[in-house]
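This report refers to the structure that appears directly beneath it.
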Number of protein chains: 2
Amino acid sequence: MSQNLRAALDARKVILLVGSCSVRYEGRASSVLGLGERMIIIKRDRSVLVHRPEGYEPVNWQPPNSHIDVQETGEGLAVIATRGSEMLEIRFNGIPQIHSFTLVDDARFEMYATESEMKTAVMLAPDLIEEGFQPLADERAVFRTGRLDIFGRDKNGRLVVVELKKRQATREDILQLQRYVESLGRELGGGPRAIIAAPSISRRAAAACSQSGVEFKCLTPRMCTEVLRKKIRGLDPFLT
Amino acid sequence: MSQNLRAALDARKVILLVGSCSVRYEGRASSVLGLGERMIIIKRDRSVLVHRPEGYEPVNWQPPNSHIDVQETGEGLAVIATRGSEMLEIRFNGIPQIHSFTLVDDARFEMYATESEMKTAVMLAPDLIEEGFQPLADERAVFRTGRLDIFGRDKNGRLVVVELKKRQATREDILQLQRYVESLGRELGGGPRAIIAAPSISRRAAAACSQSGVEFKCLTPRMCTEVLRKKIRGLDPFLT
DNA sequence: ACTTTTATTTCGCCG
DNA sequence: CGGCGAAGTAAAAGT
């Protein structure tokens, strides 16, 4: 009966075992869990998760690249996952349900704070851009729309245009900002400072900066999220 | 087709969905995950886990007590789990496999101390080793590293080296300790006592003890946990 | 209820 | 490869 399981393991499938089992762990700590019905997941990379019917976290687990041994004892199936000096032992009371899946998942996972959130953060904590920076209005209609930027004055009273990017700033970003600032300069007469705030900047974008006078300020989504967590403590959910 | 799922939710079953889906999260941060095949677990307590075919951690999740909404769109099934201001959206490409389980699990999970905790317990209650034992320093760099042991003096002022094991002491443990104490004796000139503290000792390890003069002291992780529970009541978290 | 600390943390980055 | 810090940390323990 354990052939199914071994075959699925060999085939690098994702495996789900459901049944009554007891669990023991020895390693950085030790733990014991008596009989009960649980879901056990064995992934392609040989990570093992033991999930009880409640709770976000697995009650026991083994990280990827563990060695998985399947035994058929008198009492039923046993799965032992060892990894270095750590051992996870799952003893089923009988034969569990065995499901296996061939999952194809090549998608990229992308995580970010939204640009909108970054803007909110800068409005709440302008020093994220530079000390003494004071936002004036958070938007302004120019020729091109769809931009998310901030107008303000620096500590010397000079006009500043800030453009936010949640990803690495590209040369194209710099050129766009430069064109924008130029048209703004023609309109207003003064030459405002231009700052691109992004988590990083590409080599060529940096070169474009030094040519055009655009300044780069490192600002990560994480920094913004941090500020938001601190500032939005009991108020201002109406800023968005 | 979504009736199955709704019924399982109402029946407070543990649910597994397997299929091709895209995932979006909005909350403390934002994330996007394109189409791919995943396992989604919805537990009795309305916690939600999205697991890719590899990796220990869920790529996305929602903690317990989230509100779960099931929609049947033109493209397929969608599950939206909201919790406070956080939202997790799982859009299936078609109808996923729907498995549901009624799991009964009333067992108690018990975790025993790590060796590090055992050390803390002995530092707090040296009598666990023997009456009158007084720890001096809790570590000492010798040739081999990675050891967790304790130096001290017994009630007669004689130097004592204590090695802790959370499992049955093996012959190898005794030999190691013996070698260690010998090198220490050469370094310091005096012959310190050597104590191995473990929950039990193997037959051959006991023999090695009587040959080498290493002493065995029964000390279980549970005894240490007990001491820690009693002693660490309002102080001394700075011992580690 | 809120704050602080822990974790078999895991995971990523950087030297 | 080891140390250091962040996490949508979650969960437990203390206040």
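Throughout, protein chains are lettered first and strands after them, A, B, ... in sequence-line order, and every chain is numbered starting at 1. Worth knowing before you read on, the calculation uses all heavy atoms, side chains too, and leaves out hydrogens, waters and symmetry mates.
Counting to the nearest Å, the C1' atom of C:dC11 and the CG atom of A:N65 are 14 Å from each other. The nearest whole Å value for the distance from the CG atom in A:N60 to the P atom in C:dT8 is 9 Å. As a whole-Å value, the separation of A:L49 CG from C:dT10 P is 12 Å. Rounded to an integer number of Å, the gap from CZ of A:R52 to C1' of D:dA11 is 15 Å. Here the P atom of nucleotide C:dT8 and the CG atom of A:L33 are 14 Å apart, to the nearest Å. Regarding A:E54, its CD atom lies at a distance of 12 Å from the P atom of D:dA12, rounded to whole Å. Here the C1' atom of nucleotide C:dT8 and the CE atom of B:M111 are 7 Å apart, to the nearest Å.
Between C:dC11 and C:dA7, the distance separating the two C1' atoms is 14 Å to the nearest Å. Using atom P as the reference point in both D:dC4 and D:dG8, the two lie 22 Å apart (nearest Å).
At least one donor-acceptor pair closer than 3.5 Å links the side chain of A:R46 to the backbone N or O of A:L9.
Using modelled atom types, one finds a donor on one side chain and an acceptor on the other under 3.5 Å when comparing B:Y25 with B:E86.
Regarding contacts with the backbone of D:dT9, every side-chain N or O of B:W61 stays at 4.0 angstrom or more from both OP1 and OP2. Note on A:R28: a side-chain N or O is less than 4.0 Å away from OP1 or OP2 of C:dT10.
Residue side chain B:Q62 reaches the base of D:dG8 through a donor-acceptor N/O pair under 3.5 Å, judged by distance alone.
A salt bridge is absent between A:K217 and A:E215: the closest approach of a Lys/Arg side-chain nitrogen to an acidic carboxylate oxygen does not fall below 4.0 angstrom. Between B:R108 and B:E110 no salt bridge is recorded (no basic side-chain N to carboxylate O distance below 4.0 Å).
Nearest-nucleotide positions on DNA chain D place A:F109 closer to the 5' end than the other of B:P64 and A:F109.
Among the heavy atoms of the strands lying under 4.0 Å from A:E57 are primed sugar atoms or P, OP1, OP2 only; no base atom is included.
Ring-base stacking between A:Y56 and D:dA10 is not satisfied when judged by a centre separation under 5.5 Å and a plane angle under 30°.
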